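Working notes for the structure below.
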Number of protein chains: 2
Amino acid sequence: MAKRSYKQNCALARSVDVVGERWTLLLIRDLLVAPRRFRDLLQSQKGIGTNLLAARLKELESAGLIERRTEDGGVHSYALTQSGIALEPAVLALVRWGLAHGPKNQPGDHHQDDWDLVALKALFQSQRAGDLLLTVQFETDGLTGWMAIAGGVVTIGLGRVPDADLVIDGTIGELFVASENPETLLTAGSPEMLKRYMSVFALRS
Amino acid sequence: MAKRSYKQNCALARSVDVVGERWTLLLIRDLLVAPRRFRDLLQSQKGIGTNLLAARLKELESAGLIERRTEDGGVHSYALTQSGIALEPAVLALVRWGLAHGPKNQPGDHHQDDWDLVALKALFQSQRAGDLLLTVQFETDGLTGWMAIAGGVVTIGLGRVPDADLVIDGTIGELFVASENPETLLTAGSPEMLKRYMSVFALRS
DNA sequence: CGGAATCCTCTTCGATACTG
DNA sequence: CAGTATCGAAGAGGATTCCG
C-alpha cells in the first residue's frame with residue numbers, strides 16, 4: 001500500500017506528507033530531547049496504541065528521519081538522524097506559535113516535564129545570550145535533564161552533566177512561571193548567575 | 001461533539017491540535033499569499049471534498065485563525081487573522097525542511113505557481129538583502145503576483161503592483177531553476193537589478 | 001520484557017449527489 | 001457559487017494475543 005500523499009508539487013506539502021500524520025510531530029519532539037525506547041514513547045503519547053506507534057516509527061525510519069539502534073542487551077532505541085534533527089526549527093516555531101496563539105491548557109491534560117525543555121529552547125534568544133557560557137541541571141521526580149548555553153547556541157538533554165554551573169531542584173515550570181523567588185530552588189550556583197540565565201529567554205508576558 | 005485533542009499540556013501539542021489535521025496547513029499556505037474564496041481553495045487542494053473543506057474552514061474560523069468576509073455582491077472570502085499570520089514562521093520552516101530534506105517531487109503532482117511565491121519567501125535571507133528596495137512582478141498564465149523587498153523584509157501577494165522595478169515574464173521556477181539566462185525573461189528592469197534580486201535567496205545547490 | 005500482529009469499534013476521509 | 005447530505009473506504013484507538 002502506497003503511503004497517502006497530497007500529490008502537490010510544493011515543499012510544504014511534501015513536508016506534511018512526511019510529518020503531517022497524527023502523532024508524528026509529537027514523536028519528533030520527544031526524540032529532539034533524547035533517543036527513546038518504544039515504551040518511553042508509548043508512555044509519553046498516551047492513547048497512541050502499540051500498533052500505531054510501531055507503524056509511525058516504521059514510516060519515520062523509511063523516510064530517513066529516525067534510525068533504530070540495537071543497544072547492548074538487545075533492546076532497541078530510536079534516535080533522530082540528521083534529517084530528523086533538521087526539523088527542529090519547524091518544531092520550535094510551532095511551539096512558539098502554540099505559546100503565543102494556541103489554545104489554553106486544559107486542566108486534565110497529561111504533562112511531562114521534558115516537554116518544557118523543548119519549550120524553553122524555543123524561547124531562547126541568541127542575541128540576549130551574547131557570550132554566555134553555562135550549564136544548568138534540572139532535578140525533580142519528573143525530570144533529570146540539562147541545558148547548556150555556549151556560543152549563542154542552546155543544547156538540551158536528559159540525564160546529568162558533570163559540573164553544572166546551576167543545579168535547580170525543580171521543574172522548568174516552577175522556575176520560570178510559578179516561582180516568585182527562583183533562587184530558593186537553587187541547589188548549586190549563585191542567584192546572580194540564575195538571574196542572568198533566566199534573562200536570555202523571551203517569556204510571554 | 002468536542003474536537004479531538006492530544007490532551008497534552010505542551011505548546012507543540014496544542015499547536016498541532018489546531019493546525020495538525022489533514023489539509024489545514026496547506027490551506028494556511030494558500031491564505032498566506034492572499035485571501036481566497038471557497039472555490040479557489042477547492043481547486044488548489046485537489047481531492048479535499050467540499051464537506052471537508054467546509055469543515056476545516058469552520059474549525060479555523062472558530063479557532064480564530066481565519067475570518068470569513070462578505071464582499072460586495074455577497075460572495076465570501078477567507079482571510080488570515082493576526083493569529084493565522086503568526087503561523088508563517090512555522091510554515092516557512094516546514095517549507096525549508098521540505099526543500100532540503102523532504103521527498104522528491106513526483107512527476108504527476110499537481111502544481112500551482114503561487115506556491116512558489118511562498119517557497120521563495122522561505123528562502124529569503126534578510127542579511128543578504130541589506131537595504132535593497134525593489135518590487136518584482138511575475139506574469140504568466142499560472143501566476144500574476146508580486147514580491148516586494150524593503151527594510152530587510154519580503155512581502156508577497158497576488159495581482160499587480162503599479163511600478164515594479166522588475167517585470168518577469170515567467171514563473172519562479174523558470175526564473176530560478178530552469179533558466180540559464182534569466183535576463184531573457186525580463187519585460188522591464190535591468191539584468192543587473194535582476195542579478196542583485198536573485199542574490200538575496202538561499203537556493204539549494 | 002519489548003514489540004509486533006490481530007480483531008473489533010468508532011471516527012474521519014473522500015467522492016459524489018443534492019440544495020439554498 | 002457555496003456549501004450540506006450521504007455513504008463506502010480508510011485510518012485511529014483500545015484490548016488482547018503472539019513471538020523472540
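All of these numbers come straight from a predicted model, not from anything done at the bench. Below, read A as the first sequence line, B as the second, and so on, with proteins coming before strands; counting in each chain starts at 1. All values below were derived from every heavy atom in this structure, side-chain atoms included, with hydrogens, water molecules and symmetry-related copies excluded.
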**Message:** Does D:dA12 have its OP1 or OP2 closer than 4.0 Å to a side-chain nitrogen or oxygen of A:Trp23?
**Reply:** no
**Asked** Across the strands shown, which category fits A:Lys46 at heavy-atom distances under 4.0 angstrom: base, sugar-phosphate, nothing?
**Response** nothing
**Item:** For atom CZ of B:Arg56 and atom C1' of D:dA2, their distance in whole Å
**Value:** 18 Å
**Item:** Distance below 4.0 Å between B:Tyr6 side-chain N/O and D:dA12 OP1 or OP2
**Value:** no
**Request:** Using atom types as modelled and distance alone, determine if a side-chain donor or acceptor of A:Gln137 lies under 3.5 Å from a backbone N or O of A:Val161.
**Result:** yes
**Message:** With a 3.5 Å distance limit and no angle check, can you tell me whether A:Arg14 reaches the backbone of B:Pro103 through a side-chain donor-acceptor pair?
**Reply:** yes
**Message:** Rounding to an integer number of Å, can you tell me how far B:Arg69 CZ sits from D:dA2 P?
**Reply:** 16 Å
**Fill in**
Picking from D:dA12, C:dG3, D:dC1, the nucleotide nearest the side-chain atoms of B:Arg39 would be D:dC1
**Prompt:** Within 45 degrees of the axis of the six-membered ring of A:Trp146 and under 6.0 Å from its centre: does A:Arg160 put its NZ or CZ there?
**Reply:** no
**Nucleotide D:dC1, atom P - distance to CG of B:Leu42 in whole Å** = 11 Å
**Prompt:** What is the distance, rounded to the nearest whole Å, between atom CZ of A:Phe38 and atom P of D:dC19?
**Reply:** 18 Å
**Asked** Rounded to the nearest Å, what distance is computed from the CZ atom of residue A:Arg68 to the P atom of nucleotide C:dG2?
**Response** 13 Å
**Value in whole Å for how far the P atom of C:dC13 lies from CZ of B:Arg4** = 7 Å
**Prompt:** Can A:Lys58 and A:Glu61 be counted as an ion pair, charged N to O under 4.0 angstrom?
**Reply:** no
**Request:** Would you kindly check if the NZ (Lys) or CZ (Arg) of A:Arg22 is within the cone defined by 45 degrees around the ring axis of B:Tyr6 and under 6.0 Å from the six-membered ring centre?
**Result:** yes
**Request:** Return yes if the base of D:dA2 and the side-chain atoms of B:Thr50 contain a donor-acceptor N/O pair under 3.5 Å, otherwise no.
**Result:** no
**Message:** So, OP1 or OP2 of C:dT11: does either fall under 4.0 Å of a side-chain N or O from B:Lys3?
**Reply:** no
**Request:** Quickly work out the B:Leu52 CG to D:dA2 P distance and round it to whole Å.
**Result:** 18 Å
**Request:** Grab the NE2-P distance between A:His76 and D:dC19 for me, whole Å please.
**Result:** 17 Å
**Asked** Which listed nucleotide (D:dG13, C:dG14, D:dA2) is nearest to the side chain of A:Arg22?
**Response** D:dG13
**Item:** Under 3.5 Å donor-acceptor pair, A:Asn51 side-chain atoms to D:dG14 base atoms
**Value:** yes
**Request:** Describe the nucleic acid contact of A:Gly49 in one word from base, sugar-phosphate, nothing, applying a heavy-atom distance below 4.0 Å.
**Result:** nothing
